[in-house]
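For reference, positions follow the sequence shown, starting with 1. Values below: all heavy atoms of this structure, side chains included; hydrogens, waters and symmetry mates excluded.
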Amino acid sequence: MSKRKKKKRLLDSRFYRVYFALVAVALIAIVIGTLWLNGALRDYESAQPVHAAEIVARLFEDGDYDALYALDTSAAALSDGDKDFYVQSMTALAQGKRVAWSEAFSANADERRYAVTLDGDKFATFTLVPSGQTTRRGNRLWQLGQVTTNVALKEPESTPTPEAPQPTPTPQPEVRTCVITAPKGYTVTVDGVALNADNARLTEKPMFEEGFLPADVPVPVMVEYAYDTPSPLPEVAVKDEIGGLAPVSHHEDRTYTWNCARREDTGVKQQFAEAVLALGEKLAKFTSQDASKSAVLKDCAEDSPAEQIFENLSNQYYTRHSSISFKDEAISEFHVLSDDCFTCHVSFNFVMKTSHGELTYPTEYTFCIVREKDKGKLYNLLIY
C-alpha cells in the first residue's frame, strides 16, 4: 500500500514567508510615511499668516471698534483720546457698508501687509510680523504688528463757553510766511523779490531717499525757501537754470505753500511713455496673479532693489476675480538723471471684477529706469 503524499502549504515555502514579511514592512512604512506627511502639511498650513490676518480682519467685519481702539495707532489722534467718541464715530462710519480685506504689497519679507476697505474705499491697514515662535516642525508663527485706520472723524460738538468782551485791539498788518520748494539752481521770487541763501531754510533736500537711485547717479536736490510778506496774495515765480519760467503748483491744503518740480524731459517721455505704462500695468497684474513672477523679473535690472523686491514678494493671497481693467491712466515727472538713468511717475485705477462687484484700487508708482544691454530695465520703485 503506497503512502499518501502530504500537501505542501504556501507558508511552508521560505520564499513566501520572506515575501509576505517584506510586504507587511512596506505597508507599515507607507502608513507611517502618510501619517508623517499629513502632520507636516497640517503644521505648515497652521503657520500661514492668513490665519492670524483673519483674526484681525474679523474685528473690522464684526465692527468691534472697542477692541480696535487699543490696537489702532491713529486712534488717539483721531479721537483726541476719547474712546467712546472713537467707537461711536467708527461704528457710524461703517454702518451699512461692506467690509473687505486683502493682502497688499510689502517690500519687507518679514512683514505681511493687509488693506481693509469699506465699499471699495480705503479704510485701514494692518501688518503681521513674526512672533519669534515656531511650530513643532520649525514653521514660524505670525502675530499682529500694528493697525492704522485712514479716516477723518467729525469732531464732537460742544457748547461754547461765553467769553467776556475784550477790548478791540489795534489792527496790525498780518505777516504771512511763504514756503516755496524748488530744484537747486532755480531762481525763486516773491512779489518780485529774488530769494537767496539767507531765505533758504533747507538747502539739501533730496528728491529721493538714499539707495533709491544707482550709486553712480547723483540724487537731485531741492531747496526750501521761507519768506515773510504782508501781501494777502503774494505772487510767486520760479525760473530754471536757463531763465525759462517753470510751472509752480500751489499746495491745496496749505494756503502759503508752493512747490516747483524739475522740468520734465518731454523727449524721453514721448519715447518711453508707452513702455513705462505697460510696465506699471504688468506690476499690478502680478499682484492679482494675472502676470507671472518670471515675467516681472525679466523687466528688472540684474542685482537691483526691484529684482530683490519681486523675488521676495508673494501674491498668494490675491483677491479672486473674473477680469481686470485699467482706468484713468497717467504718466508724468520724466526726469533724466544721467545718460543711463531716468525716473518717472505712473498712476491709474486698477479695477477687478469680483463676485461682489467691481473693486477699484488707486495705484501709483515712481520708477527708476536704467539702461542694461541697450534695454530699459526697472532698477527701483516706490509704491503709494
Side-chain angles (χ1 to χ4, degrees), residues 104-109 113 115 181 183 205-222 247 249 259-315 324-351 360-384:
F105 169 81
S106 174
N108 187 351
R113 183 178 295 273
T181 303
K205 185 177 182 180
M207 284 182 58
F208 302 105
E209 291 185 2
E210 184 178 355
F212 181 74
L213 302 177
D216 59 345
V217 176
V219 180
V221 174
M222 307 291 283
S249 60
N259 184 71
C260 175
R262 285 171 58 91
R263 186 177 295 279
E264 192 172 37
D265 193 310
T266 55
V268 172
K269 180 177 182 178
Q270 185 176 6
Q271 181 180 359
F272 292 101
E274 186 174 339
V276 165
L277 187 57
L279 175 61
E281 292 178 352
K282 181 183 290 187
L283 300 189
K285 289 179 180 178
F286 169 73
T287 64
S288 62
Q289 283 201 356
D290 291 289
S292 66
K293 178 175 290 190
S294 60
V296 172
L297 290 175
K298 285 181 181 179
D299 290 325
C300 296
E302 292 184 4
D303 301 323
S304 65
E307 183 181 62
Q308 189 64 39
I309 288 172
F310 289 105
E311 284 282 8
N312 297 330
L313 181 62
S314 170
N315 59 357
I324 59 173
S325 60
F326 299 90
K327 297 180 179 179
D328 305 320
E329 298 168 310
I331 49 177
S332 59
E333 300 178 29
F334 275 77
H335 302 308
V336 176
L337 306 183
S338 74
D339 291 340
D340 298 315
C341 176
F342 71 85
T343 58
C344 58
H345 191 79
V346 181
S347 65
F348 49 76
N349 284 325
F350 185 33
V351 182
T360 300
Y361 298 94
T363 304
E364 292 187 57
Y365 302 119
T366 292
F367 292 151
C368 173
I369 307 294
V370 297
R371 187 198 305 273
E372 184 177 272
K373 298 178 182 178
D374 291 329
K375 291 185 179 180
K377 296 287 186 176
L378 180 63
Y379 177 81
N380 210 341
L381 74 160
L382 298 174
I383 303 175
Y384 304 90

Asker: Roughly how far apart are F334 CZ and I369 CD1, rounded to 0.5 Å?
Answerer: 8.5 Å
Asker: If you look at every heavy atom in F350 and A284, which pair is closest and at what distance?
Answerer: CE2-O, 3.4 Å
Asker: Nearest heavy-atom pair of P305 and G211: which atoms, and what distance?
Answerer: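 Heavy atoms of P305 and G211 come nearest at CG-O, 4.4 Å.
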Asker: Side-chain contact test, heavy atoms from C-beta onward, threshold under 4.5 Å: evaluate it for F310 versus L283 and give yes or no.
Answerer: yes
Asker: If you apply the rule side-chain contact (heavy atoms from CB on, under 4.5 Å), what do you find for D340 with V370, and how did you get there?
Answerer: CA-CA 5 Å; D340 298 315; V370 297; 5.7 Å; no
Asker: Would the distance check show the side chain of H345 and the main-chain N or O of Y365 forming a donor-acceptor pair, the cut-off being under 3.5 Å?
Answerer: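 Judged by distance alone, yes, a pair lies under 3.5 Å.
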Asker: Under the 3.5 angstrom rule, does the side chain of E264 hit a backbone N or O of E333 as a donor-acceptor pair?
Answerer: yes
Asker: Is there a side-chain contact between V219 and F212 (heavy atoms, below 4.5 Å)?
Answerer: no
Asker: With a 4.0 Å cut-off, would you call K285 and D290 a salt bridge?
Answerer: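 Judged by the 4.0 Å cut-off on N to carboxylate O distance, K285 and D290 do not form a salt bridge.
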Asker: Any idea which heavy atoms bring E364 and S347 closest together, and the distance?
Answerer: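 So the two residues come closest at CG-CB, 3.7 Å.
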Asker: Can you check whether P183's main-chain N or O pairs, donor with acceptor, with R262's side chain at less than 3.5 Å?
Answerer: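 Judged by distance alone, no pair lies under 3.5 Å.
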Asker: Under 3.5 Å, side chain of Q289 to main-chain N/O of N315, donor-acceptor pair present?
Answerer: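 Checked: pair present.
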Asker: Considering all heavy atoms of both residues, which atom of F342 and which atom of V336 are nearest to each other, and what is their separation?
Answerer: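 Smallest heavy-atom distance, with atoms named: CB-CA, 3.9 Å.
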Asker: Within this structure, what is the CG-CD distance for the pair L297 and Q308, rounded to the nearest 0.5 Å?
Answerer: 10.0 Å
Asker: Answer yes or no: is there a side-chain heavy-atom contact under 4.5 Å between P214 and C368?
Answerer: yes
Asker: Walk me through it: do L277 and F326 pass the test side-chain contact (heavy atoms from CB on, under 4.5 Å)?
Answerer: CA-CA 11 Å; L277 187 57; F326 299 90; over 6 Å; no
Asker: Hey, does the side chain of S249 reach the backbone of N259 with a donor-acceptor pair shorter than 3.5 angstrom?
Answerer: yes
Asker: Supply the atom-to-atom distance N349 CG to D328 CG, rounded to the nearest 0.5 angstrom.
Answerer: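 Reported to 0.5 Å precision, the distance equals 5.0 Å.
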Asker: Assess whether atom NZ of K293 is packed by more than 12 heavy atoms of other residues, nucleotides or ligands within 6.0 Å.
Answerer: yes
Asker: Report yes or no: does E307 contribute a side-chain atom to a donor-acceptor pair with the main-chain N or O of D303 at less than 3.5 Å?
Answerer: yes
Asker: To the nearest 0.5 Å, how far apart are CD in E311 and SG in C300?
Answerer: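 Answer rounded to 0.5 Å: 8.5 Å.
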Asker: For a side-chain contact (heavy atoms from CB on, under 4.5 Å) with F367, tell me which candidate from T343, L378, N380 qualifies.
Answerer: L378
Asker: N312 and A109: which non-hydrogen atoms are nearest, and at how many Å?
Answerer: CB-CB, 4.3 Å
Asker: For M207 and M222, which heavy atoms make the closest approach, and how far apart are they?
Answerer: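 So the two residues come closest at CG-CG, 3.6 Å.
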Asker: Quick check against the 3.5 Å criterion: does S294 have a side-chain atom that pairs as donor or acceptor with the backbone of S292?
Answerer: no
Asker: Taking the side chain as C-beta and beyond, is there a heavy-atom pair between V346 and I331 under 4.5 Å?
Answerer: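 Of all side-chain heavy-atom pairs linking I331 with V346, at least one is under 4.5 Å.
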Asker: If you define the side chain from C-beta out and look only at heavy atoms, does anything of D265 sit under 4.5 Å from K269?
Answerer: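 Result no, sub-4.5 Å side-chain heavy-atom pair not found.
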Asker: With a 4.5 Å heavy-atom cut-off, do T287 and Y361 have their side chains touching?
Answerer: no
Asker: In the structure I gave you, are the side-chain heavy atoms of Y379 and L213 within less than 4.5 Å of one another anywhere?
Answerer: no
Asker: Find out whether L313 and V296 are in side-chain contact, i.e. whether some heavy atom of one side chain is under 4.5 Å from a heavy atom of the other.
Answerer: no
Asker: Quick one: pull up CG in N108 and CD1 in I309 and give me the separation to the nearest 0.5 Å.
Answerer: 11.0 Å
